[in-house]
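Here's the structure, in structure tokens; my notes come after.
A, B, ... follow the sequence lines: proteins, then strands. Residue 1 opens every chain. Reckoned from all heavy atoms, side chains included, excluding hydrogens, waters and symmetry mates. Please read these numbers as outputs of a predicted model, since none were measured by experiment.
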Number of protein chains: 2
Amino acid sequence: MRAGPHISQIATLVGDPARANMLSALMDGRALTATELAYLAGVTPQTASSHLSKLAEAELLSQAKQGRHRYYRLASPLVGQMLESIMAVAETGPARYRPHWKGGEALRAARTCYDHLAGRLAVGIADALVAHGHIVLADDGGEVTAAGQMHLADLGIDIGAIAARQRRAFCRPCLDWSERRPHLAGAVGAALCARAFELGWIERIKDSRAVSVTRAGSHGFAQAFGLQPLY
Amino acid sequence: MRAGPHISQIATLVGDPARANMLSALMDGRALTATELAYLAGVTPQTASSHLSKLAEAELLSQAKQGRHRYYRLASPLVGQMLESIMAVAETGPARYRPHWKGGEALRAARTCYDHLAGRLAVGIADALVAHGHIVLADDGGEVTAAGQMHLADLGIDIGAIAARQRRAFCRPCLDWSERRPHLAGAVGAALCARAFELGWIERIKDSRAVSVTRAGSHGFAQAFGLQPLY
DNA sequence: CCAATACTTCGACCTCGCTCGAAGCATTCG
DNA sequence: CGAATGCTTCGAGCGAGGTCGAAGTATTGG
């Protein structure tokens, strides 16, 4: 039973509040500079630098030098999945372990997860697509049906073009930490998310992974997926 | 971006080597006494007691008093999933973060995960069942086909009886940390595991979640699922 | 080339929490 | 009841590591 040392090293890295804030901030897949991360974590640049080099050395983060900036991002989706699973446990814990969290409601409603959507909105979309037979989600993959392909084409998403140039997982489920049910990830999830930004259906909320659904988006999602309009 | 404090509290608990060893030891779903956990973690009973009360307070573990013993087990499968996902990250990290791990190979080959099987053996079984159309695995569940029901009956597993008395997830996939592919969990996975022990196909390796495939098991698994025999 | 910006390294401080010895309950057993 | 076992509480020691000021190294821009 000697797995402990392995996982404790990783967990220790996530266990510091400053580092945990940095990792949370990076969960949407964007790359941020060391100074931005220092500010978000609430520590000085010196301290942030020390934290970031530890995270990079353990390969939880990857770094890219660009001019005088140094950009950090999560090293792999596996790291994001780990963070999501820790959040899932934190959510269920006793109240004193999860003090009120401003902005938490916005995150639960709709947010980005790497390049695709998550939260109630995303789970609703995935449910609708499955219910109408537009997609099939299996545990290690999934596919878009002919009907689904036409439906998505109506929204301006060309499934054929995506499939052609993609090596990555095409269409796969991703467990949503706030809803505990799967939403749509993979190339199709990313395309859907990108298209929603393009159509002005959703907008990023400053300094957060949360997104807000615009008035146009409310109608758009309602019409496209039969979700309850908000306005 | 204030999720940091939440996850850091949980991660800090896992970040101590002694606690991580205890949690690892409990990952097979068994309940162990405080003294056993103290020994496995390599600390004195006093120290273990302090660790265990912290883990219980955070609801990572649940405790049950029985006579003068106190039994601890993982509070929920969510905790186990979190530990698995941390292991998955630890596995991919740089070599200095994963020193040689005696018994690791045995764990990768075959082990228990709560009440079902995991590791190469389990992934092979799940693959075979899916390939032969005996089960269907979807992201949030799955089912046993008529052919699968007959096939499992041949092994002495009565799917009908299981389905009748089960409220829990009947048949669902579970991500394998060592193989990074799904294996079979839920009531069907548990029944398969129990039957394999019953038939003497597998045996527990002392003080470990790993199991060894017996000579009989090698033939049994080969015949039942078309896996490569080991002997 | 000098100033400004972005980031890192060094060093010192200081707190947090892991650790175990000793002592104290609770339960069981002879 | 008294001894043994299982576990917890208390208290003190001590080391690891987070923190920031000061100084040092890149890179950019005027």
Kindly indicate whether the side chain of A:Leu184, heavy atoms from C-beta on, has any atom under 4.5 Å from the side chain of A:His116.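 The answer is no; the side chains never approach within 4.5 Å.
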
What does B:Ser53 touch in the nucleic acid at a heavy-atom separation under 4.0 angstrom: a base, only the sugar-phosphate, or nothing?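 No contact at all - B:Ser53 keeps every heavy atom at 4.0 Å or more from the nucleic acid.
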
For B:Tyr72, report the nucleic acid contact type (base, sugar-phosphate, nothing); a contact means any heavy atom under 4.0 Å.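 Result for B:Tyr72 = sugar-phosphate.
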
Mind listing the closest non-hydrogen atom pair of B:Asn21 and B:Leu40 along with its distance?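 Closest approach of B:Asn21 to B:Leu40, heavy atoms only: CB-O, 4.2 Å.
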
Would you name the heavy atoms of B:Leu13 and B:Arg19 that are closest together and state the gap between them?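 Where B:Leu13 meets B:Arg19 most closely, the heavy atoms are O-NE, 2.7 Å.
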
Output a table of donor-acceptor pairs, distance under 3.5 Å, between side-chain atoms of residues 191-199 of chain A and any protein atom two or more places apart or on a different chain; print 'none' if there are none.
{"unit_1": "A:Arg195", "atom_1": "NE", "unit_2": "A:Leu155", "atom_2": "O", "d": "2.6"}
{"unit_1": "A:Arg195", "atom_1": "NH1", "unit_2": "A:Glu198", "atom_2": "OE1", "d": "2.6"}
{"unit_1": "A:Arg195", "atom_1": "NH2", "unit_2": "A:Leu155", "atom_2": "O", "d": "3.4"}

Atom [atom1] of [X] to atom [atom2] of [N]: distance rounded to whole Å?
| X | N | atom1 | atom2 | answer |
| --- | --- | --- | --- | --- |
| A:His69 | C:dT8 | NE2 | P | 13 Å |
| B:Tyr39 | D:dG6 | OH | P | 15 Å |
| B:Leu52 | D:dT9 | CG | P | 11 Å |
| B:Glu36 | D:dT5 | CD | P | 16 Å |
| B:Tyr71 | C:dT27 | OH | P | 16 Å |
| B:Leu55 | C:dC18 | CG | P | 10 Å |
| B:Leu32 | D:dG6 | CG | P | 15 Å |
| B:Glu57 | C:dG17 | CD | P | 13 Å |

Pairwise distance OG(B:Ser85) to CG(A:Leu83) - rounded to 0.5 angstrom: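 CG of A:Leu83 is found 8.5 Å from OG of B:Ser85.
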
side-chain N/O [X] vs [N] OP1/OP2, d < 4.0 Å:
| X | N | result |
| --- | --- | --- |
| B:Arg70 | C:dT27 | no |
| A:Ser49 | C:dT8 | yes |
| A:His51 | D:dT19 | yes |
| A:Thr47 | D:dG18 | no |

Residue [X], side-chain atoms from C-beta onward, closest of [options]:
| X | options | value |
| --- | --- | --- |
| A:Ala34 | D:dT8, C:dT8, D:dT19 | C:dT8 |
| B:Lys54 | D:dG18, C:dC18, D:dT8 | C:dC18 |
| B:Asp16 | C:dC18, D:dT8, D:dT19 | C:dC18 |

Once you measure the plane-to-plane angle for A:Phe221 and A:Trp201, does it fall in the parallel (<30°), tilted (30-60°) or perpendicular (>60°) bin?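 Aromatic pair A:Phe221/A:Trp201 classed perpendicular.
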
Where do A:Ile202 and A:Leu117 land on the side chain to side chain contact (heavy atoms under 4.5 Å, CB included) test, with the steps shown first? CA-CA 10 Å; A:Ile202 50 176; A:Leu117 291 173; 3.7 Å; yes

Where along nucleotides 21-30 of chain D does protein come under 4.0 Å, by heavy atom, of base (B) or sugar-phosphate alone (S), with - for untouched nucleotides? BB----BB--

